[in-house]
Amino acid sequence: MSLAAAASPPFPPSWAYPIRVAASQGQFHHAISLFLQMRASVAPRSSVPASLPAALKSCEALGLRALGASLHALAIRSCAFADCFTANALLNLYIKLPGLHHPSGTHGPSGKGGAESVTLEGARKVFDEMLNRDVVSWNTLILGCAENGRHQDALCMVKEMWREGFKPDSFTMSSVLPILAEHADITKGMVVHGFAIKNGLDADVFVGSSLIDMYANCTRMDYSVKVFDSLPDRDAILWNSMLAGCAQNGLVNAALRIFRQMLHAGVRPVPVTFSSLIPACGNLALLCLGKQLHAYVIRGRFNDNMFITSSLIDMYSKCGNISIARHIFDGIQSPDIVSWTAMIMGYALHGPATEALVLFERMEMGNVKPNHLTFLAVLTACSHAGLVNKGWEYFNGMSDQYGIVPSLEHCAALADILGRAGELDEAYNFISNMKIKPTASVWSTLLRACRVHKNTILAEEVAKKIFELEPRSMGSHVILSNVYSASGRWNEAAHLRKSMRNKGMKKEPACSWIEVKNKLHVFVTHDKSHPWYNRIVDALNVYSEQMRHLGYVPNMEDVFQDIEEEQKRDVLCGHNEKLAIVFGIISTPPGTTIRVMKNLRICVDCHTATKFISKIAAREIVVRDVNRFHHFKDGNCSCGDFW
DNA sequence: CTAGGGTTAG
């Protein structure tokens with residue numbers, strides 16, 4: 001460290017200058033060290049106020065709470081606290097370092113608020129004691145509230161600052177807009193937008209990107225586009241905001257267009273560019289596109305970025321390609337909790353569910369601590385593999401060993417494990433005695449189980465509970481009606497359907513889709529508009545004949561209407577997953593793996609038929625339904641007929 | 001002295 005500059009200072013003598021320079025260059029240790037030397041020397045008192053903001057900033061960066069507290073005392077003793085600039089820096093320190101207590105106001109952790117509220121109390125005290133405040137003071141406190149979940153406080157404070165004659169600026173906007181984005185409060189969001197326009201703040205890129213995010217979170221990408229187009233050239237952040245917004249709203253084509261425009265405009269992609277695009281491919285199961293992005297990632301040497309590798313693992317497994325996902329996972333030197341969880345969830349959804357548990361144990365041995373999502377993944381694996389004892393073990397272990405309180409999702413997963421395994425009474429008791437009040441969705445896992453295990457009596461009781469909580473629950477009405485149909489109680493089924501019609505309830509249209517040669521083919525039930533429709537039906541009829549020879553019997557359980565047998569068979573033939581699968585087979589070279597996605601659960605008959613088709617056509621067929629993956633091969637399915 | 005974009009679930 002060179003003291004030369006400080007030892008022979010320019011006129012007027014100043015210690016403050018090198019301290020400020022060091023802090024502004026990120027050399028916080030150096031800044032602190034200079035500050036302490038200054039205090040030990042006979043430096044003029046006037047150096048203290050001028051160097052305090054930089055010293056406080058350095059404390060924040062290095063997390064030095066004790067020194068921070070003594071600087072607070074020094075600020076008061078030296079009268080530097082009267083200076084707005086210095087007091088603001090101190091206020092910021094209280095916001096940024098949780099656990100730094102105001103010397104005169106340490107009440108200790110109060111009630112449920114805990115350390116978080118104590119931290120803000122200290123900041124609030126500093127703020128209240130300030131002799132002079134400016135817009136920065138208000139902005140600092142508002143941001144502190146915004147980032148610590150005190151959303152209402154933050155919004156109230158904006159009104160308060162306005163009342164006291166301070167005009168909100170671009171900093172205020174970009175603290176407030178993320179709050180409105182999180183609450184999807186487009187009404188207040190547009191008020192803020194209007195204020196920004198009126199006060200000439202809308203050309204600011206920080207405000208602009210916050211507005212883009214806010215509208216994107218309110219699923220109004222059209223407004224986001226308008227904001228984006230109205231902003232002056234460019235900023236890489238804005239491009240990435242737009243990309244993330246489109247990707248999260250499922251607008252993959254729009255996202256790709258923006259990606260290309262961005263490259264064209266000479267803006268270099270950064271890791272976040274990909275970590276927002278890749279998950280969108282996974283959610284829509286666009287394997288070809290995902291692979292292209294993967295190639296881009298490799299060329300750009302982004303593949304050592306954990307966010308990207310995790311999203312690639314998730315993307316490949318959601319696209320049905322668990323082995324590539326595993327290959328990427330194996331290439332990571334030390335996986336973090338996110339990549340472990342993504343990989344474990346991949347196996348949980350795919351089939352070799354015990355592999356998920358093996359990975360979980362390896363993860364524990366590697367001293368990576370599981371979080372609530374990891375346990376959700378492990379419980380999902382137990383459910384899909386029918387492992388009841390293991391399920392209980394993990395459910396109890398998560399709180400006993402890791403102090404993670406089971407959430408509603410974990411409880412639902414355990415109820416699912418019990419129900420699928422046929423332990424219906426245990427599942428019923430478990431749900432009835434849960435610490436958290438069960439929701440309709442928890443009960444409906446049991447309703448599904450009742451249907452699989454053909455327990456009509458319990459199904460009726462469970463359905464009653466569901467309808468109390470959610471009178472218009474479409475899925476539950478359908479399942480109960482299926483239960484009635486399956487046990488030949490057509491009158492009850494008909495009555496139920498009538499009451500559904502009276503309530504104006506409509507079944508979610510089922511659809512399946514498949515990507516062939518980079519093009520997406522969507523099949524909606526009863527939609528005959530696909531150009532290959534007749535060819536598909538012809539092929540399906542040929543398969544049906546062969547299937548019958550091999551012993552296939554159509555299963556009518558899932559047919560909703562009580563119609564003649566012959567008609568029912570037609571309905572089943574028209575099931576969109578069958579159309580998508582057969583289209584895949586006749587439009588690709590022999591041996592190609594068929595990957596089909598479906599927006600609902602696969603039906604019993606389609607599941608059986610697909611097993612036969614995989615054998616007859618000698619194809620591996622991967623079906624992703626809304627719940628899990630099915631790998632059909634050689635007449636068998638990886639789910640073991642258990643879903 | 002105060003500010004912006006991303007990953008795992010359902």
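Letters go in sequence order (proteins before strands), and every chain restarts at 1. No experiment lies behind these values; they were computed from the predicted model shown.
The nearest whole Å value for the distance from the CG atom in A:D204 to the C1' atom in B:dT2 is 13 Å. Rounded to an integer number of Å, the gap from CE of A:M130 to P of B:dT2 is 13 Å. Atom CG of A:L359 is separated from atom C1' of B:dT8 by 14 Å (rounded to the nearest Å). In this structure, CG of A:L141 is placed 13 Å from P of B:dA3, rounded to the nearest angstrom. Going from atom CG of A:N627 over to atom C1' of B:dG10 covers 10 Å, rounded to whole Å. Between the CD1 atom of A:I278 and the C1' atom of B:dT8 there is a distance of 14 Å, rounded to whole Å. Atom pair A:L376:CG and B:dA9:P shows a separation of 9 Å (rounding to whole Å applied). Counting to the nearest Å, the P atom of B:dA9 and the OH atom of A:Y347 are 16 Å from each other.
Defined by atom type and a distance below 3.5 Å, a donor-acceptor pair is present between the side-chain atoms of A:Y215 and A:H193. Residues A:H350 and A:E355 bring no donor and acceptor atom of their side chains to less than 3.5 Å of each other. A donor-acceptor pair shorter than 3.5 Å can be found between the side chains of A:D134 and A:S137. Side-chain N/O atoms of A:D169 and A:T172 include a donor and acceptor closer than 3.5 Å. No donor-acceptor contact under 3.5 angstrom links the side chains of A:Y316 and A:H327, judged on distance only. A donor-acceptor contact closer than 3.5 angstrom links the side chains of A:N321 and A:S323.
Counting any heavy atom pair closer than 4.0 Å across all strands shown, A:T341 reaches a base atom. A:V207 comes within contact range of no nucleotide atom at all, as no heavy-atom separation falls under 4.0 Å. Residue-level contact check: A:T86 touches neither bases nor backbone, having no heavy atom under 4.0 Å from any strand.
Under 4.0 angstrom from either OP1 or OP2 of B:dA3 there lies at least one side-chain N or O belonging to A:K96. The phosphate of B:dT2 (OP1 or OP2) has a side-chain N or O of A:N92 nearer than 4.0 angstrom.
Within residues 52-63 of chain A, the residues having any heavy atom closer than 4.0 Å to DNA chain B are, in order of number, A:K57.
The pair A:E60-A:K57 meets the salt-bridge criterion, with a side-chain N (NZ, NE, NH1 or NH2) lying under 4.0 Å from an Asp/Glu carboxylate O.
In terms of heavy-atom proximity, A:F35 sits nearest to A:L52 at CZ-CD2, 4.2 Å.
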Short N/O separations, protein against nucleotides 5-7 of chain B, under 3.5 angstrom:
| unit_1 | atom_1 | unit_2 | atom_2 | d |
| --- | --- | --- | --- | --- |
| B:dG5 | N2 | A:N240 | ND2 | 2.0 |

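The salt bridge (Lys or Arg N to Asp or Glu O under 4.0 Å) search around A:D222 returns A:R220, not counting sequence neighbours.
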